[in-house]
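Here's the structure, in structure tokens; my notes come after.
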Protein chains: 2
Amino acid sequence: MAEARARTRIAAVRSERNVQSDRTESGHRREHLIAKAITLKDVAREAGVHISTASRALNESTRSEVSSETADRVIAAAALLGYQPHPFARGLRTNRTRSVGMVVPDLVSPFTPPILAGAQHVLSEVGYSLLIGSDDESSPHAKTAVDTFLDRRVDGLIVANARLDFTPPEALMGHNVPTVLVGRSVERKSLPAIVCDDRAAFALIVDHLVALAHTRIAHVAGPLDISTGLFRRDAFLDAIARAGLATTECRVFEAGAFRSRDGRVACDRLLDSDGAFTAIVAANDLLALGCIDAIRERGLDVPRDISVTGYDDIALVDRLDPALTTISVPYEEMGSMAADLLLDLMARDDRILETSYEPIRLAPSLVVRSSSGPVRSK
Amino acid sequence: MAEARARTRIAAVRSERNVQSDRTESGHRREHLIAKAITLKDVAREAGVHISTASRALNESTRSEVSSETADRVIAAAALLGYQPHPFARGLRTNRTRSVGMVVPDLVSPFTPPILAGAQHVLSEVGYSLLIGSDDESSPHAKTAVDTFLDRRVDGLIVANARLDFTPPEALMGHNVPTVLVGRSVERKSLPAIVCDDRAAFALIVDHLVALAHTRIAHVAGPLDISTGLFRRDAFLDAIARAGLATTECRVFEAGAFRSRDGRVACDRLLDSDGAFTAIVAANDLLALGCIDAIRERGLDVPRDISVTGYDDIALVDRLDPALTTISVPYEEMGSMAADLLLDLMARDDRILETSYEPIRLAPSLVVRSSSGPVRSK
DNA sequence: CTGAAAGCGCTAACAA
DNA sequence: TTGTTAGCGCTTTCAG
């Protein structure tokens, strides 16, 4: 009912507009195809007020400057016509786009989507749009994703692919766009970051292994130029020390990338080395799977001969044989917290850059499965 | 060198601007913080030409209207100052945003990210930004993702979450925004779509099973209100018929959702039913895993007693025991093709809506692993 | 409380 | 070939 009436009214308004502008056209056959959007001017005319009054009535913050009767009338007219403010026209004035850009390392790696989902959900809730971009490593001369976002005048930036040596591009500082890091933090704590508490995670893992009587524990690290590689290694060594184990007994091997085949290569080197060990703590699940491959290839058993643990708890590792003991990371929550934090930052009108931000660390949890077991009694 | 000079020049230009506009201010202490962006006017002044000349020189399509010397000078000035056209100001005039919206069913389901990645890559290559949105099923009164995108005046739309009964919202038709479906198509072929060739896929699977001497093959379907549920079931029945098997011998059970536990429930019903069968073709990998669970729970073996096949070839199903025989789907390519098709559509100036579009079907491939085997000779 | 008018940064008629 | 001018749709002074 009301809807039908609205539709009629919209058509009428559009007609008026078209008559004005398309007078030269023979007819309006295509009107339903190229319908021009309802503009504030239409709403104002419909409500019988000046366009600026309509603007005030429609904007939360200026509504008080208008009599409530007029406001109601304008709001009703806007609703009737299905008015939607043109974001560009508004943005041009306000210098705000109500959009944020998120740059991700790799859309198809297992932890990117949940971060994205968490951020997306929070942002859409408050009317922000999420632009997504990823840097194409293969064409280094291409414009970086951050630059593209800056060109688009996003209100804020979520960076999920920071390398350790990441420093906010000068452009970023110049434009002064609020930015938060997520997933990976950076060496110089120049930007706020939401990360997983690696120290807590490795304390959980190492304690678990120690409880199983392991004393010689090796670590297969990820690339050390990424925080998840470097920080997890440090967290590992820290946990070892805190557990009272001699860190000198604990070997660390670095994998070239966070992929199973790199884990396998690293584990092979580990197995070739002289040190004896009974457990391998891998920096993530894929590396752990590679380790298991390498171990089995030598006729050894997991966990009977060597225990292996992962990190991330990606899909299906619970169904593998052996099911992977790993760390569950609240990636989605990290995404939503990053978005929340960014919204905070954007809301502040003072743009004071702190010199150093302590990362916000979210608590992980240990998931014990069958890839870790007691040290074999000889 | 050149860079330092440029920086100096930018600062100078910004100063001039600030002097003009901020004459009343006491000082420029915060100038480096709230640096205003370089505008076309600045470039024009720097090059000593009128703003409109600068505009023409900077725009590919109008560059021929200005002398090459002037053009060069303007371009040099723009480069020197690091000028970036304001997308809103431009969009306001041109009515184009150079952005496209993609609405996905679920960011964390296994096949969404590759589609996203494919589309993102293609679009960023040609200077388009990708907005991402997903509908929150839980709050049905919330504005739909498509509406949000329409409000943002995206130039095009990629819809990856269409239900079978999806009809382009009236708004969409009214706004006349080019739209492409991907992954799922719709019953009424009212929009172009990029999908996987389900018929070819099931022909591959069924032929494979028939070659292993299976004659009684069951299907665990996904929800039948989604194209991947319905179309795959139809494709299954079609493949069965074309293989010369009696479709009456082939039972179909519908799962409530594309999750392993739903697959397990459906498979339980299947096992409880009277029909004898030696193979189960599941509508996707997760359903297949649920089937394997149900079969094993009854003390039966896969593939010795019953063969099971999946669809999608998601990560890690190659490492399960048994490794899953499944269909590999070129999701990333689907994403990039969807983007290509959309770019085509947007480039056309005629907005003729065809009444019916035949979906573009990409070829899948069969990946034979150990979850399928010959019929057990009794 | 409301209307008039300027202008955000840009493109595209129209003039010269 | 270049400059002038008029907006795109909106917010925001400034008057009334």
Side-chain angles (χ1 to χ4, degrees), chain A residues 13-14 17 20-21 24 34 36-74 77-78 81-98 151-153 175, chain B residues 13-14 17 20-22 24 34 36-74 78 81-98 151-153 155:
Chain A
V13 170
R14 284 192 178 138
R17 292 168 48 92
Q20 293 181 348
S21 54
T24 54
I34 5 175
K36 277 180 192 122
I38 299 291
T39 142
L40 184 58
K41 200 191 290 183
D42 299 321
V43 176
R45 192 187 315 140
E46 178 74 18
V49 297
H50 191 270
I51 177 174
S52 62
T53 307
S55 172
R56 282 186 277 251
L58 259 18
N59 272 309
E60 197 70 55
S61 59
T62 48
R63 187 163 306 154
S64 57
E65 303 173 10
V66 122
S67 80
S68 55
E69 302 92 63
T70 335
D72 290 346
R73 201 147 33 89
V74 172
L81 299 179
Y83 167 72
Q84 282 304 136
H86 196 304
F88 282 16
R90 167 176 287 175
L92 200 53
R93 285 297 308 196
T94 60
N95 240 338
R96 312 222 294 103
T97 59
R98 295 190 80 75
D151 293 348
R152 293 246 164 205
R153 312 296 207 271
H175 289 251
Chain B
V13 169
R14 284 195 177 134
R17 291 169 46 91
Q20 293 182 349
S21 55
D22 297 357
T24 53
I34 3 175
K36 278 179 192 120
I38 299 291
T39 140
L40 184 58
K41 200 190 288 182
D42 299 321
V43 176
R45 191 186 316 138
E46 178 74 18
V49 297
H50 190 270
I51 176 174
S52 64
T53 308
S55 172
R56 282 187 277 251
L58 259 18
N59 272 309
E60 197 70 54
S61 58
T62 48
R63 184 162 308 153
S64 58
E65 302 172 12
V66 346
S67 78
S68 54
E69 302 92 64
T70 338
D72 290 346
R73 204 149 30 90
V74 172
L81 300 179
Y83 167 71
Q84 282 305 137
H86 195 304
F88 281 15
R90 167 176 287 175
L92 201 52
R93 286 297 308 195
T94 60
N95 241 335
R96 311 221 295 102
T97 59
R98 295 190 78 77
D151 293 348
R152 293 249 164 203
R153 311 296 207 272
D155 292 342

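Chain letters run A, B, ... following the sequence lines, proteins first, then strands; residues in each count from 1.
- Evaluation of the side chain to side chain donor-acceptor pair (under 3.5 Å) rule for A:Ser67 yields A:Thr70 as partners, not counting sequence neighbours.
- Side chains of A:Pro87 and B:Arg153 form a contact here, defined as non-hydrogen atoms less than 4.5 Å apart.
- For B:Glu65, there are no side chain to side chain donor-acceptor pair (under 3.5 Å) partners, not counting sequence neighbours.
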Spell out protein contact along nucleotides 11-16 of chain C as letters: B when the base is contacted, S when just the sugar-phosphate is, - when no protein heavy atom is under 4.0 Å; keep the 5' to 3' order. BBB---
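- Atom NZ of B:Lys41 is separated from atom C1' of C:dC10 by 11 Å (rounded to the nearest Å).
- Of the candidate nucleotides D:dC10, C:dG9, D:dT2, D:dC10 has the atom lying nearest to any side-chain atom of A:His86.
- The separation between A:Glu65 atom CD and D:dT12 atom P is 9 Å, rounded to whole Å.
- Every side chain to side chain contact (heavy atoms under 4.5 Å, CB included) that A:Pro85 has, sequence neighbours left out, goes to A:Tyr83, A:Arg90.
- Scored by the side chain to side chain donor-acceptor pair (under 3.5 Å) test, A:Arg73 finds no partners at all (sequence neighbours excluded).
- Residues satisfying the salt bridge (charged side-chain N to carboxylate O under 4.0 Å, His left out) criterion with A:Arg63, sequence neighbours excluded, are A:Glu60.
- Counting to the nearest Å, the C1' atom of C:dG9 and the CZ atom of B:Arg45 are 14 Å from each other.
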Hey, mind stepping through A:Glu46 and A:Val43 against side chain to side chain contact (heavy atoms under 4.5 Å, CB included) and telling me if it holds? CA-CA 5 Å; A:Glu46 178 74 18; A:Val43 176; 5.5 Å; no
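- One atom, CD of B:Gln84, and another, C1' of C:dC10, lie 14 Å apart when rounded to the nearest Å.
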Side-chain donor-acceptor distances from residues 48-55 of chain B under 3.5 Å, at least two apart:
from, atom 1, to, atom 2, distance (Å)
B:His50, ND1, B:Ser52, N, 3.0
B:His50, ND1, B:Ser52, OG, 3.1
B:Ser52, OG, B:Arg56, NH2, 3.4

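- The side chain to side chain donor-acceptor pair (under 3.5 Å) test applied to B:Arg96 returns B:Tyr128, B:Asp155, not counting sequence neighbours.
- Phosphate contact (OP1/OP2 of C:dC8, side-chain N/O of B:Thr39, threshold under 4.0 Å): absent.
- Rounded to whole angstrom, the span from the CZ atom of A:Phe88 across to the C1' atom of D:dG7 amounts to 17 Å.
- Per the geometry, CG belonging to A:Leu92 stands 10 Å off C1' belonging to D:dT11, to the nearest Å.
- Residue A:Leu58 contributes atom CG, which lies 8 Å from atom P of D:dT11 at whole-angstrom precision.
- Remark: C1' of C:dT2 and CZ of A:Arg73 are 11 Å apart, rounded to the nearest angstrom.
- Axis angle across the helix from C:dC1-D:dG16 to C:dA16-D:dT1, with five pairs used at each end and values rounded to 10°: 50°.
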